Amino acid sequence: MIIVGAGISGLALMRALHSLDIEAKTYEKRQVAKDSGLAINLPGNAMSSLHLLGVRDAVADLGYPTKRREYRTETGKLLFSVNEADFWGYSNQPRCILRSDLMSILRQGLPDNLFCFGQEINDVQTGTDNIELSLSDGRTVFTNILIGADGVNSTIREKVFGHTTQAAILSPFSWRFMADNPGIDCWTLWAGPTSMLLLIPVSDERVYAWASLSRENTSSDAIKFSSDHFSGFPLMLRSIVDKALAEPSHVYYSPLNEVRMKNWSRGGTTLIGDAAHAMAPVWAQGAALGIEDALELSKLLAEGSNWPEMQQRFESLRRPRVEHVLKMTDKMSKAAKLPPLVRRLVLPYLGPRTYAKAYEPLLS
């Protein structure tokens with residue numbers, strides 16, 4: 001078996017397979033993940049899955065506990081708040097952690113010979129019995145089971161399925177960066193007429209920042225990520241944006257693209273994580289669903305049944321959960337595009353209900 005991609009989904013799958021003594025090899029085109037200096041928010045269902053992988057305690061120790069979520073207007077007025085510690089329970093309380101720390105934890109204890117870094121997949125040829133992969137160093141490797149865990153811009157998806165991404169409803173583009181903590185202690189989103197800014201503490205000193213523009217300014221150049229869009233925000237937030245613009249090399253431009261496919265398997269190839277079902281980060285489910293995919297697929301592989309049957313079983317088990325999150329992502333994305341006055345009127349009532357409706361099916 002060959003896994004392409006050593007991001008969170010790929011590492012989770014390799015960890016799960018290794019614990020079950022199932023042989024696999026992972027190929028990753030980068031030596032270091034491009035956004036490994038950033039952070040990631042892990043909701044309760046991600047923490048639950050990490051427990052099944054045996055690493056929840058390690059993640060909890062390094063991650064910053066997310067006690068609650070707050071949704072605010074651009075001026076700072078609180079629209080609604082959700083106590084995440086109460087909702088998910090103490091054991092699965094969400095955490096925000098550096099991506100590099102999470103990937104190090106997932107890889108800990110796995111032999112180095114299971115990975116081949118710096119190897120890009122140039123081509124994929126599918127045959128009756130084998131799949132042929134052409135590597136960037138000129139070698140060719142063969143497998144009868146290929147797992148594409150190579151993210152939203154998946155090479156495996158493009159080569160095998162010919163499927164491309166589509167722009168997210170929420171926004172076509174966003175920026176991510178780390179910043180000094182201005183004194184917040186929870187997941188906090190400020191939404192203005194044309195922009196949003198989310199801050200999540202990684203520690204008492206640092207926050208992970210995600211900013212998006214709902215229209216205009218389509219350039220990936222961080223300098224053109226104009227502070228004019230944040231002129232109505234509190235001074236502490238404008239200062240964070242201005243500092244980010246002054247250090248554009250520390251800002252990671254991240255187009256908001258989604259992947260929606262009728263099938264995640266073709267021949268001997270199956271996609272997992274963002275390669276199969278990337279979506280806007282409304283509910284922070286990218287990593288969570290990818291880890292769940294890895295656990296479910298490894299469980300099926302351990303049963304040792306026919307691979308085509310396992311592929312069908314995998315999709316039937318995973319698709320309802322993924323489709324639920326996609327539906328709730330669309331719902332909240334459309335709400336975010338409502339006129340500011342309408343948002344201020346409806347979100348105090350609909351916000352907590354939408355949160356519960358989105359996450360309650362993910363509690364188990």
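Just so you know, these numbers come straight off a predicted model, no measurement behind them. For reference, positions follow the sequence shown, starting with 1.
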For the [atom1] atom of [X] and the [atom2] atom of [Y], what is their distance to the nearest 0.5 Å?
X    : Y    : atom1 : atom2 : value
L362 : L289 : CG    : CG    : 7.0 Å
H229 : S231 : NE2   : OG    : 9.5 Å
T66  : M47  : OG1   : CE    : 9.5 Å

Using modelled atom types and a 3.5 Å cut-off, is there a donor and acceptor pairing between side-chain atoms of [X] and backbone atoms of [Y]?
X    : Y    : result
W307 : G268 : yes
S49  : N45  : yes
R68  : C186 : no
S48  : G44  : no
E258 : A280 : yes
D293 : G273 : yes
H324 : A358 : yes
S298 : L295 : yes
T143 : L146 : no
R95  : A60  : yes

Are Y64 and F87 co-members of a hydrophobic cluster defined by side-chain heavy atoms under 4.5 Å apart?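 No: no chain of side-chain contacts under 4.5 Å links F87 to Y64.
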Heavy-atom check, side chain of [X] versus side chain of [Y], under 4.5 Å:
X    : Y    : answer
F142 : I131 : no
E309 : Q311 : no
V325 : M279 : yes
E28  : I3   : no
L198 : W190 : no
I2   : I147 : no
M261 : H277 : no
V259 : D274 : no

Are [X] and [Y] within salt-bridge range, i.e. N to O under 4.0 Å?
X    : Y    : value
D330 : R260 : yes
D150 : K29  : no
K67  : D185 : no
E315 : R313 : no

Against W175, only a single residue in F230, Y253, W210, Y252 fulfils ring pair (Phe, Tyr, Trp, His ring centres under 6.0 Å); can you say which?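 In the set F230, Y253, W210, Y252, the residue that makes a ring pair (Phe, Tyr, Trp, His ring centres under 6.0 Å) with W175 is Y253.
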Would S91 and H51 count as a side chain to side chain contact (heavy atoms under 4.5 Å, CB included) if you check the C-alpha gap in whole Å, the side-chain angles of each, and the deciding distance to 0.1 Å? CA-CA 9 Å; S91 297; H51 173 61; over 6 Å; no
Do any pairs count as a side-chain hydrogen bond (donor to acceptor under 3.5 Å, both in side chains) and have a residue in residues 350-361, sequence neighbours left out, and if so which ones?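 Checked against side-chain hydrogen bond (donor to acceptor under 3.5 Å, both in side chains) - neighbours excluded - the pairs reaching residues 350-361 are R69-Y359, E84-Y355, W88-Y355.
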Take E120 and N122, measure what side chain to side chain donor-acceptor pair (under 3.5 Å) needs, and give me the verdict at the end. CA-CA 6 Å; E120 191 165 0; N122 286 340; over 6 Å; no
Strictly by modelled atom types, are S212 and S174 linked by a side-chain donor-acceptor pair under 3.5 Å?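 Distance-only check fails for S212 and S174.
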More than 12 non-hydrogen atoms from neighbouring residues, nucleotides or ligands closer than 6.0 Å to [atom1] on [X], yes or no?
X    : atom1 : value
E23  : CD    : no
D112 : CG    : no
H163 : NE2   : yes

Does R30 make a cation-pi contact with F117, if we ask for NZ or CZ under 6.0 Å from the ring centre and within 45° of the axis?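 No.
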Could R319 and W264 be counted as a cation-pi pair, given that NZ or CZ must be under 6.0 Å from the ring centre and within 45° of the axis?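 Here R319 passes the 6.0 Å and 45° test against W264.
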Assess the residue pair N257 and Q166 against the criterion (side chain to side chain donor-acceptor pair (under 3.5 Å)); give the C-alpha distance rounded to whole Å, side-chain angles, the decisive distance to 0.1 Å, and a yes or no. CA-CA 5 Å; N257 292 324; Q166 64 186 57; over 6 Å; no
Where is the tightest heavy-atom contact between I240 and F177, given as atom of each residue plus distance?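 Result for this residue pair: CG2-CE1, 3.7 Å.
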Y208 pairs by side chain to side chain contact (heavy atoms under 4.5 Å, CB included) with which of N41, I97, L38, N181?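 Filter result, single survivor: L38.
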